[in-house]
Structure formats: structure tokens, C-alpha cells
Number of protein chains: 2
Amino acid sequence: MGAMARMSPQERREAIVTAAMAVMERQGIAATTVRDVAAELGTSSGLIHHYVDSMDDLLAEAFARAAGDDLATTRAAVESGQDAVDRLALFFDSYARADDDFGMQRWLEAWAEAARRPALQRASRQLNEAWHSLLASIIRDGVEHGTMRSDDIEAAAWRVLSLLDGLMLQVVAHGALTRAQVDAWSRAGAERELGLRPGVLGAVSARSM
Amino acid sequence: MGAMARMSPQERREAIVTAAMAVMERQGIAATTVRDVAAELGTSSGLIHHYVDSMDDLLAEAFARAAGDDLATTRAAVESGQDAVDRLALFFDSYARADDDFGMQRWLEAWAEAARRPALQRASRQLNEAWHSLLASIIRDGVEHGTMRSDDIEAAAWRVLSLLDGLMLQVVAHGALTRAQVDAWSRAGAERELGLRPGVLGAVSARSM
DNA sequence: GGCCCTATTGGACAAGTGCGCAATAGGGGT
DNA sequence: ACCCCTATTGCGCACTTGTCCAATAGGGCC
């Protein structure tokens, strides 16, 4: 009954961040404590601070990893699209598929915690920017190929993203809307925003039938 | 130096909630403690629990009061409108005027805290519903008088509100957008949603010139 | 095989939390 | 003027938090 198996610094750091992600997923960002992460790892709490400067840093890194994974998933899904319209449809598909996911809840907690945790705020802002950037690149492609219309691509991307976020908020925070409504309405909003024919972005339910 | 001036239970309760609101405004919901509220009042911490069952209840009541005041302000502003379109424009005016306000930040914190505080969650859901209801009543009026078009008033209200929320999120949480952009884009979105002529909801900047 | 480096331990620490309770004091009703 | 009711006090309690540090132990290099 001695110490936990000795690991290389890289492995251990990795394990710590992974454990933090798991606890975050289960209990939320604000309720994730050093001791919880240590318990998840099966090690002592002192070990955490041997690899991490502060709890703020750890939470920021765990959030960045989790949210970054989500972004990477969507990015990968989008890449398989034939043209811009197809890629935009895949963007919504991928977003909607995070159905049983805590994606949006995570963002909510990050925004609120950001007031007290500078590192977490930096991570959140950077990832938000990356999502906008992904969406803008799809739209830019569509405009250049003449399949989408927009005289301000950046702005259009913000509007599409904001509608999606606002609708998701109602699902996660209030339970006032269903995922299906968010899915249909956000696609319809994007179609109008980008001068697409209504329905071309196809709701999941419609396309899977 | 004896006890604080004796007050009637009603006055004292009122004073406690008011003090809690002030602390909430200054430090945020999550960072509002019993001792902070007592210090704001200039009384002892024990007094708080003599009037309030739990911190959850107190925070919920303080949030409900603060957010309820915001809603009442907008409701009052809206009532002075001549017709539905005018009232909708006033709705956006009132929302935009809360410029130096902590309105949206308060909602953010409420959503995140709601996970741990049932009473706060109830208050937040109820007020959210009230905002939607106010917006829906304006739209219903417009549709009935033929100045607005919508085949699903409830849904339209959710979409207008969600776009506004999503855009505000970018201002408050990330600083990625400006209030002016939110104002212009949310009005334009509502005009499209309700079949209004572009510009009739008039941005604040345009109308004040 | 032994030694040293460092990963790992486990608890101390100070600061903070919500809540409860015995003691106090002040004002209104008689 | 007195007395009782209760608003108010001020501290204690049990618990949690992040952070730190001396002690320990295990594995790789000579």
C-alpha cells in the first residue's frame, strides 16, 4: 500500500487534466475541487499542485480541452461536406448531435466562473473566437462560390451563432424549448441570413427520414 | 454602542433584501455571503437568518426583485407606445438603455448558480417566462391589427428573444460585440421575423438623430 | 546492488462558508 | 414606571476550500 504508480511528468499532467475533465463533466466547473480531482485519479491532493500552479489554471486547461474536443468534432464533420451549403448543414448536424452532451452547460458555467478566474476567461474567449471563425470560413466559402449571399460575413457568422446560442440557452437553463425547436429554428435563421432557399439546410429529422 | 435600531419585521425583511441586492450588484450572486449582506446593513450576521430560512431563498428573492424591476421598467416603457410596432421599438430602446446595467451579467450568474440553488432556479424560470410573455403580447397585438405577420406568435417571440440574448452574451461574456451591434442586429432580426419593413423598428442612434 | 532524484504522500494551515443558539437590550403596552 | 416580548447580538460549530511543505518511497542510472 504505497504511493500511486510513478508516472512521467507528461503522463501525469495528462492524467490530471483528464481527471479534471471527468469531474467537471459530472459536477460542473464551479464544484470541481482539488480533492475531487485527486480522488478521481486515486492519488493524493498534494500531487495536483506539484503539476499545476493553481486551480484556475487547471480548470482553464480542462475546459479548453473539453470545449476544444467539441470544436474539433464539428470541424471534422464539416470537412466532409461537398460544398459550403452542405458544410453548413453538417455544422448544425454536429451541433445537434451533442444532444446528451453537457456542451452548452459547460459554456454557461465558464461564462459565470470567468468573472473570478482569469485563465478560464482567456480560454473561453479564445474558443468562442474559434467557433465564430469556423462558421465564418464556411460562409466565406459559400459567398465566394455564389451559393450564399452576405455583405458582411463576420457579422453574419455572429448572428447565426448568437441565435443558436440564445436558443440553446432556453433549452439548458430554462427547459423552455426543445432541441428539435432549436435545431429547426437555427437552421431556418441561417437560411434567411444567407439568402438560402428555405429548407436546404435540412433539419435532422427531415433528412434522416 | 448597542444593537441596531429595532425595526418592524416587514421593514427589516425589506431592508435585508435591498441590502442583498446591493451586494449582488457589486460582487455577483455567487460571491454574496451572509456576512456581506449583514455588513451592508450594518447589523450582525445572525439577524439575517432570523428573517430568512436559507441563503438560497435570500438570493432567489434578491434576484427576483432586481430582475423584476428591470422587467417592470421595460413593461412601463412599452405601454406608452401607440401601436404594436411602436411598442416593439420601445422594447428594444428600453433593453438597450440598460447600457451601464448589470442586467445580463445577473442572468448569467443566475443560470450557473441555478444548478445548486433550487429557489433561484424557480425565480429565474419564472422571470424568463414573463419576458417571453411580454414580447409575445406585443407581437400578438401586432398580428391582430395586421401590422405584423407571424403564423406562430409564441415561437416568434422565442426567436426574437433568443437572438437578443445570444448577441448580448457576446457583449457581456466575451466582449466580442458592441452594444450598438446588438441593438441594430436584434432589431433587424425582429423586423425580418415579423414581416416588417426594414428600419421601422429604428435603431436608437437613427431615431435620436 | 546501492544511491540519489523526484514523484508522491498526507496532513497542516488559514481563510472562508452557512447556520444555530444563548445572551442582551430596547421599545411598546399595561 | 415597569415588564415582557422579541429584535438583535456575537460568537461557536462543523464543514469546505486552495495552497503549501516536510516526510516518504520507488525507480532508473552508476
Side-chain angles (χ1 to χ4, degrees), chain A residues 1-20 23-24 26-63 109 112-120, chain B residues 1-20 23-24 26-63 109 112-120:
Chain A
M1 285 298 111
M4 196 66 188
R6 202 186 177 107
M7 294 178 73
S8 79
Q10 297 98 320
E11 285 176 315
R12 184 52 84 187
R13 239 197 98 83
E14 180 65 27
I16 288 175
V17 174
T18 303
V23 177
M24 256 180 49
R26 190 171 350 109
Q27 312 181 347
I29 297 181
T32 297
T33 73
V34 191
R35 286 162 180 82
D36 289 336
V37 176
E40 177 79 18
L41 271 171
T43 66
S44 68
S45 70
L47 186 59
I48 308 293
H49 279 92
H50 195 251
Y51 291 96
V52 163
D53 283 342
S54 73
M55 203 54 192
D56 183 19
D57 287 340
L58 177 55
L59 292 179
E61 186 155 348
F63 169 81
E109 293 170 8
E113 280 297 302
R116 270 175 297 283
R117 318 194 100 115
L120 185 58
Chain B
M1 286 306 107
M4 196 64 189
R6 202 186 178 109
M7 293 176 73
S8 79
Q10 296 99 319
E11 285 177 314
R12 182 55 81 190
R13 239 197 100 83
E14 180 65 28
I16 288 175
V17 174
T18 304
V23 176
M24 257 181 47
R26 190 172 349 110
Q27 312 181 350
I29 296 181
T32 297
T33 75
V34 192
R35 287 162 178 82
D36 290 336
V37 176
E40 177 79 19
L41 272 172
T43 67
S44 67
S45 71
L47 187 58
I48 308 293
H49 278 95
H50 195 254
Y51 290 95
V52 163
D53 284 342
S54 73
M55 202 55 193
D56 184 18
D57 287 339
L58 178 54
L59 293 179
E61 186 156 347
F63 169 82
E109 293 170 8
E113 280 296 301
R116 268 174 297 284
R117 318 195 101 116
L120 185 59

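The chains referred to below are lettered A, B, ... by the order of the sequence lines, with proteins before strands, and numbering in each begins at 1.
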Ignoring hydrogens and angles, answer whether the base of dG16(C) and the side-chain atoms of Arg35(B) contain a donor-acceptor pair closer than 3.5 Å.
no
Got Leu41(B) and Arg12(B) here, is their nearest side-chain heavy-atom distance under 4.5 Å?
yes
Could you tell me the separation between the NE2 atom of His49(B) and the CG atom of Leu58(B), rounded to the nearest 0.5 Å?
8.5 Å
Round to a whole Å and report the spacing from CZ of Arg13(A) to P of dA7(C).
13 Å
Would you indicate whether the side-chain heavy atoms of Met55(B) and Thr32(B) approach each other to under 4.5 Å?
yes
Between P of dT17(C) and CG of Leu58(B), the distance in whole Å
14 Å
How close or far is atom P of dG26(D) from atom CE of Met7(A), stated in whole angstroms?
16 Å
Between Glu40(B) and Val23(B) (side chain of the first, backbone of the second, donor and acceptor by atom type, cut-off under 3.5 Å), is there such a pair?
no
If you check every side-chain atom of Arg6(B), which of dC13(C), dT8(C), dG27(C) has the closest atom?
dG27(C)
To the nearest Å, give me how far apart CD1 (Ile29(A)) and P (dT17(D)) are.
16 Å
How long is the line joining CG of Leu41(B) and P of dT8(D), in whole Å?
10 Å
Which residues in residues 47-55 of chain B have at least one heavy atom lying under 4.0 Å from any atom of DNA chain D?
Leu47(B), His50(B), Tyr51(B)
Base, sugar-phosphate, or nothing: which does Arg12(A) touch, judged by heavy atoms less than 4.0 Å apart?
sugar-phosphate
Closest approach to the side chain of Ser45(B), judged atom by atom: which nucleotide of dG26(D), dC11(D), dC13(C) is it?
dC11(D)
Gln27(A) atom CD is separated from dT16(D) atom P, nearest whole Å, by 13 Å
Spell out, as yes or no, whether a donor-acceptor pair under 3.5 Å connects the side chain of Asp56(A) to the backbone of Ala119(A).
yes
Test item: Leu59(A) and Phe63(A) side chains (from C-beta on) under 4.5 Å apart, heavy atoms:
no
To the nearest Å, how far apart are Asp36(B) CG and dC19(C) C1'?
16 Å
Between Glu109(B) and Gly28(B), which heavy-atom pair has the shortest distance, and what is it?
OE1-CA, 3.2 Å
Between atom CD1 in Ile16(A) and atom P in dT9(C), what is the gap in whole Å?
10 Å
